[in-house]
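We count ligands from 1, going down the list as the structure has it; atoms in each ligand are counted the same way. All values below come from the heavy atoms of this structure, side chains included, with hydrogens, waters and symmetry mates left out.
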Amino acid sequence: MKEKLTEALQALKQKTPLVHAITNVVTVNDCANSLLAVGASPAMCEAADEVFEFSQLAGSLYLNLGTLTKEQEMAVYLAIRGATLKGIPVILDPVACGAIPRKKATIERLRHFGRFTVIKGNLGEIKALAGLAARVRGVDSLDEGNDGLEACQSLARAYGCVVAATGKVDIVADGQRACLIENGTEMLTRITGAGCMAGALVAGFCGAYEDAFGATVAALLTMSLAGELAQETSGGELPGTFRAHLIDQISLVDDALIEKRGRVQWL
Ligand SMILES: Nc1ncnc2c1ncn2[C@@H]1O[C@H](COP(=O)(O)OP(=O)(O)O)[C@@H](O)[C@H]1O
Ligand SMILES: Cc1ncsc1CCOP(=O)(O)O
Ligand SMILES: [Mg+2]
């Protein structure tokens with residue numbers, strides 16, 4: 001199965017997928033730089049009178065609801081419609097949906113305009129979306145429950161998409177297949193944007209590799225391995241230094257590193 005992950009990385013590097021992102025103002029630059037670093041081509045386009053057409057030109061669409069404004073809300077409905085019409089993968093990061101009820105209402109409405117290919121959130125967000133009691137604090141998950149796999153599988157079946165819950169161990173499920181990604185570093189929780197960047201990478205991989213499950217696993221493994229390397233090269237103490245190293249290390253993840261250090265449990 002690891003060969004599929006290196007296949008996905010090679011496909012991304014060869015195709016340089018255009019990723020149309022409508023995302024939050026806090027980490028928009030980090031998402032763009034992480035996409036460039038991995039070999040994709042980001043375009044942050046959210047004007048309501050641009051997105052319907054633009055979403056149809058992209059390799060994938062990334063919708064991150066972190067700072068969802070009224071203009072962005074109109075834009076995401078139009079963008080998912082355009083992408084769905086063309087069969088373009090749509091990746092959703094339901095930031096803070098466990099803390100802000102309006103986000104869940106928006107996600108429900110989005111389902112009437114198009115379909116999701118992947119939903120990637122932290123464990124608290126995914127459990128909240130799956131209708132389970134979830135421990136969250138704003139955009140962060142405080143949930144350490146052992147029901148993450150069940151939440152991912154049930155949400156994947158309900159929405160007919162791939163679902164990924166990030167945390168100490170990332171969970172990826174598509175209703176049938178599932179895996180656990182054991183790589184990563186706690187330093188990733190000490191900067192803002194690690195989850196957003198992980199979501200952007202999922203969109204990058206989905207824009208180049210047909211199998212959304214394999215693309216999602218490859219993206220999250222890339223993020224976690226880059227985090228491990230950044231902790232090693234930055235000294236692993238100061239978050240600002242770590243963050244700078246992280247973008248560098250995303251660009252350096254390669255087949256050999258995935259083979260050598262990837263710790264993925266296929267269930
Ligand atoms: N305790 C941890 N140990 C190792 N890696 C972690 C830990 N918590 C999160 N990560 C990694 O950090 C990234 C962001 O995950 P997470 O913090 O769950 O997202 P968010 O920032 O959306 O809350 C993911 O790549 C995840 O694997
Ligand atoms: C702090 C914050 N507030 C709204 S969006 C955002 C960034 C969240 O980033 P991540 O989900 O990667 O922690
Ligand atoms: Mg997040």
Side-chain angles (χ1 to χ4, degrees), residues 21-35 37-38 44 46 62-69 72 76 91-100 102-103 106-107 118-129 134-145 148 151-152 163-172 179-205 216-232 236 239 242-243 245-247 249-250 253 258 261-265:
I22 301 176
T23 187
N24 67 73
V25 292
V26 178
T27 62
V28 55
N29 182 262
D30 304 280
C31 290
N33 275 312
S34 61
L35 281 166
V38 79
M44 292 17 207
E46 64 180 50
Y62 179 43
L63 304 177
N64 177 302
L65 307 186
T67 51
L68 191 70
T69 61
Q72 271 195 340
V76 297
I91 291 81
L92 174 75
D93 189 335
V95 179
C97 68
I100 305 172
R102 173 246 185 165
K103 305 272 177 94
T106 302
I107 291 165
V118 182
I119 299 174
K120 186 280 331 166
N122 60 41
L123 181 56
E125 291 156 349
I126 295 303
K127 283 179 66 173
L129 219 41
R135 295 184 59 239
V136 298
R137 178 173 57 215
V139 302
D140 292 330
S141 172
L142 303 177
D143 209 296
E144 291 170 352
C152 289
V163 173
T166 57
K168 184 171 176 40
V169 175
D170 294 344
I171 305 164
V172 184
C179 77
L180 305 176
I181 303 169
E182 296 162 350
N183 294 88
T185 168
E186 200 169 9
M187 277 303 286
L188 285 164
T189 64
R190 293 182 55 200
I191 60 168
T192 189
C196 296
M197 287 188 263
L201 293 184
V202 172
F205 278 82
T216 302
V217 178
L220 295 184
L221 180 58
T222 297
M223 187 69 197
S224 290
L225 285 171
E228 287 180 8
L229 290 175
Q231 187 194 20
E232 290 159 16
F242 170 77
R243 177 169 169 257
H245 283 241
L246 182 60
I247 298 290
Q249 293 305 335
I250 288 172
V253 173
I258 287 174
R261 290 183 58 162
R263 287 184 286 123
V264 183
Q265 210 186 111

Every residue of the protein that comes under 4.0 Å of ligand 1, judged on heavy atoms: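 Correct list: Asn122, Val139, Thr166, Gly167, Lys168, Asp170, Gly184, Thr185, Glu186, Leu188, Thr189, Ala194, Gly195, Met223, Ser224.
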Between the main-chain N or O of [Y] and the side-chain N or O of [X], is there a donor-acceptor pair closer than 3.5 Å?
X      : Y      : answer
Ser224 : Leu221 : no
Arg243 : Gly193 : no
Gln231 : Phe242 : no

Are the side chains of Cys31 and Met44 in touch, meaning some heavy atoms are under 4.5 Å apart? yes
Under the salt bridge (charged side-chain N to carboxylate O under 4.0 Å, His left out) test, residues paired with Glu182 that sit two or more places apart: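 None.
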Tell me every residue that passes salt bridge (charged side-chain N to carboxylate O under 4.0 Å, His left out) with Asp140, counting only those two or more places apart in sequence or in another chain.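 For Asp140 there are no salt bridge (charged side-chain N to carboxylate O under 4.0 Å, His left out) partners, ignoring immediate neighbours.
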For ligand 2, output the ligand-protein N/O contacts shorter than 3.5 angstrom; if there are none, return none.
unit_1   : atom_1 : unit_2 : atom_2 : d
ligand 2 : 12 (O) : Gly193 : N      : 3.3
ligand 2 : 12 (O) : Ala194 : N      : 3.3
ligand 2 : 12 (O) : Gly195 : N      : 2.8
ligand 2 : 12 (O) : Cys196 : N      : 2.8

Identified side-chain contact (heavy atoms from CB on, under 4.5 Å) partner of Leu65 from the options Leu92, Asp93, Asn24: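 Considering Leu92, Asp93, Asn24, a side-chain contact (heavy atoms from CB on, under 4.5 Å) with Leu65 is found only for Leu92.
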Residue of the set Leu225, Ile181, Asn183 for which side-chain contact (heavy atoms from CB on, under 4.5 Å) holds with Leu220: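 It is Ile181; the other options fail the test.
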I'd like to know whether CZ of Arg137 has more than 12 heavy-atom contacts from other residues, nucleotides or ligands below 6.0 angstrom. no
